[in-house]
Chemist: 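Got a structure for you, written out below as structure tokens; questions coming shortly.
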Amino acid sequence: MITIFVSTELRESVKNLINQEDRLNELVNLSVEDADAITIKVSSIIEVLPDWENLQPPVLFPSVSYKDKILLGIIYAKLNNYEKAYEILEEYPDILQTVDILNRLQNSVPFQGYEWQFDSFENLHNKAIAFHYGSQNESASSLDIAEAYESAINCSKEKSRRQFTAYHLAQFYLDQNIEVKALNIINTILNECDSPKICIAFKDILCKIWQKNLVVPYDVKVLGELKTTLWECLEYYELNGRMTEAAMILMDATYIATISESFSEALGYISRAITIIEKEQLLELLAQAQFSKGNLLQTWAQNGNPQFYRAAVQSYQAALKTFTKEDYPDIFAEIHHQLGKVYAEIPDEVKKKGVWAAVSVSSFNEALNYYNKIDFPYQFAMICNSMGNAYTKYPAALHTDNFDKALAWYREALDIRTTATYPLERVLTLCNYLEASWFVGNKEEFDEDRFNEMMNVANEIILLSNDEKILNSAKNDIQRLEALKAETQN
């Protein structure tokens with residue numbers, strides 16, 4: 001259903017035009033108000049408004065003098081009936097080109113060799129959109145895309161359309177991890193914005209940037225601003241019936257509440273999101289929400305509530321029904337990484353812990369089948385570190401030392417997590433390595449090699465870390481080692 005605002009003098013004419021088409025009146029609502037929800041404004045000029053609700057690819061139509069065929073063709077294009085739109089708009093090449101761009105973007109038709117026209121702001125905008133979101137055999141460079149957006153913005157005369165182009169340029173910069181440029185655009189628009197719909201769109205991106213840049217220890221002020229802005233976006237989306245966007249905001253709120261250790265609050269958010277997504281029947285988004293719920297429950301369990309481990313497994317397994325190995329190998333691998341950690345922690349009677357350990361190893365191996373050392377070194381090291389941690393929790397084996405295996409996995413991680421590349425991650429793995437080293441099967445006599453290795457690890461931690469808790473722990477380990485050596489020499 002699309003809504004069209006029609007001026008008084010054309011209302012009957014447009015109504016008759018719609019009624020002449022088979023059942024088109026069931027899909028088009030003629031409005032007597034120039035309201036926020038309209039798609040097209042019709043007077044002596046046909047104006048297709050920017051699509052801030054992401055119902056179609058973000059193409060802009062030029063404003064043109066009213067003609068029945070042009071209005072009808074645009075309506076069919078907005079209803080995704082491109083065959084009918086092409087037929088009706090054959091005599092109007094400017095509008096037909098816009099419909100063609102829309103169709104190509106929506107149906108992943110390549111733009112290679114496409115003949116672009118550069119005589120209007122809308123065409124420049126659409127070229128930038130095609131470069132950014134389109135399917136091309138020879139992809140445009142990042143510089144090409146940014147310059148195409150800037151060219152469009154520089155020749156725009158109408159504020160809301162310029163803001164629409166700026167919005168997608170900000171999205172592009174966010175995708176390219178150039179948050180500073182995205183923030184400059186967002187702040188500029190928010191300072192001049194007088195439309196709630198447009199302000200919320202930019203605040204939504206702002207929340208994504210804030211969330212992306214959260215690091216431990218979390219800035220309390222930023223978390224507060226993030227929560228407030230997310231809530232503002234959520235209220236707007238729910239009030240205007242934009243439930244998919246509301247669900248996505250709830251998923252973001254789940255993450256923020258989780259890292260703030262407000263676990264009950266987070267569970268409320270993700271439960272609301274899942275209810276909305278199930279109603280909207282968005283399978284991929286539902287799987288993502290189940291993945292988020294699994295992360296929440298796993299974190300909650302790790303914070304002194306182990307009863308939630310099994311519920312986390314259920315959520316992860318639900319997500320795997322959509323995120324299969326064949327269709328989503330990266331997400332499939334990451335879910336199995338998390339399952340490997342959960343299976344290592346899940347509480348159960350002693351005789352069943354061995355089974356859980358075997359399942360845990362199997363999940364880790366699934367993750368490593370995709371995140372291998374050569375193609376994905378960072379992820380490979382992260383999983384190796386998790387496997388080392390898991391081996392310290394598995395039940396004792398008859399013929400092997402789990403702590404010795406843990407050290408082997410930590411060494412794999414440390415090969416990647418060098419001082420030069422990942423110093424913070426290296427410190428964490430070194431801490432794990434040092435802790436596990438205390439539990440490796442001890443020989444009756446003093447082991448000089450192990451003593452020296454542990455001393456070297458502890459001293460490297462002190463050299464690399466500024467964290468007071470980590471430093472104190474490493475210094476305590478050095479004191480224990482020195483005491484142990486002194487004891488054996490007496």
Side-chain angles (χ1 to χ4, degrees), residues 2 39-40 45-67 69-158 160-178 181-182 185 201 205:
I2 64 172
T39 304
I40 305 171
I45 300 292
I46 299 174
E47 180 186 0
V48 183
L49 301 185
D51 179 13
W52 289 99
E53 298 186 13
N54 303 311
L55 300 176
Q56 284 185 316
V59 165
L60 286 177
F61 283 77
S63 297
V64 293
S65 298
Y66 178 83
K67 286 186 171 55
K69 279 192 171 183
I70 292 178
L71 176 60
L72 208 53
I74 292 173
I75 289 172
Y76 277 114
K78 298 302 287 184
L79 292 171
N80 301 320
N81 188 339
Y82 292 108
E83 184 178 355
K84 191 82 171 176
Y86 279 124
E87 177 187 334
I88 294 171
L89 294 170
E90 188 176 2
E91 303 170 25
Y92 307 98
D94 287 351
I95 303 297
L96 186 59
Q97 178 184 254
T98 307
V99 170
D100 186 52
I101 294 169
L102 184 63
N103 182 26
R104 285 170 181 264
L105 287 165
Q106 190 146 339
N107 294 292
S108 301
V109 179
F111 281 89
Q112 188 180 30
Y114 199 79
E115 294 185 9
W116 296 98
Q117 298 180 18
F118 308 103
D119 57 348
S120 71
F121 156 70
E122 285 79 14
N123 282 332
L124 289 171
H125 167 93
N126 293 340
K127 180 185 178 184
I129 293 297
F131 280 177
H132 183 183
Y133 299 107
S135 172
Q136 301 186 59
N137 295 328
E138 296 179 5
S139 298
S141 70
S142 296
L143 183 60
D144 290 336
I145 297 170
E147 286 182 347
Y149 275 122
E150 292 288 357
S151 295
I153 290 170
N154 289 337
C155 76
S156 172
K157 295 180 181 179
E158 201 277 317
S160 68
R161 294 191 162 222
R162 173 174 51 80
Q163 291 171 337
F164 190 65
T165 307
Y167 170 80
H168 289 282
L169 178 55
Q171 285 277 21
F172 170 72
Y173 283 137
L174 177 58
D175 294 342
Q176 296 294 310
N177 298 314
I178 312 175
K181 288 190 175 182
I185 293 170
I205 304 182

Chemist: Is the backbone N or O of Ala77 less than 3.5 Å from a side-chain atom of Gln56, with the two atoms forming a donor-acceptor pair by type?
Modeler: yes
Chemist: So His125 and Phe121, would you call those rings parallel, tilted or perpendicular, with 30° and 60° as cut-offs?
Modeler: tilted
Chemist: How about Tyr149 and His132: do any of their side-chain heavy atoms sit closer than 4.5 Å?
Modeler: yes
Chemist: Pick out which of Gln163, Glu158, Arg162 makes a side-chain hydrogen bond (donor to acceptor under 3.5 Å, both in side chains) with Ser160.
Modeler: Glu158
Chemist: Tell me whether Arg104 contacts the main-chain N or O of Pro110 through its side chain, where contact means a donor paired with an acceptor under 3.5 Å.
Modeler: yes
Chemist: Any donor-acceptor pair under 3.5 Å linking the side chain of Asn107 with the backbone of Val109?
Modeler: no
Chemist: Between Pro58 and Trp52, is there a side-chain heavy-atom distance shorter than 4.5 Å?
Modeler: no
Chemist: Do the rings of Tyr167 and Phe164 sit parallel, tilted or perpendicular, given the 30° and 60° boundaries?
Modeler: parallel
Chemist: Considering only heavy atoms from C-beta outward, does the side chain of Val64 approach that of Ile45 to under 4.5 Å?
Modeler: no
Chemist: Has the side chain of Asp144 got a donor or acceptor atom that lies under 3.5 Å from a matching backbone atom of Phe131?
Modeler: no
Chemist: Kindly say whether Val99 contributes a backbone atom to a donor-acceptor pair with the side chain of Asn103 at under 3.5 angstrom?
Modeler: no
Chemist: Report yes or no: does Asp100 contribute a side-chain atom to a donor-acceptor pair with the main-chain N or O of Leu96 at less than 3.5 Å?
Modeler: no
Chemist: Got a donor-acceptor contact below 3.5 angstrom from the Ser156 side chain to the Ala152 backbone?
Modeler: no
Chemist: Would you mind reporting whether Asn123 and Gln97 have side-chain heavy atoms less than 4.5 Å apart?
Modeler: yes
Chemist: Going by heavy atoms in the side chains, are Ile129 and Pro57 under 4.5 Å from each other?
Modeler: no
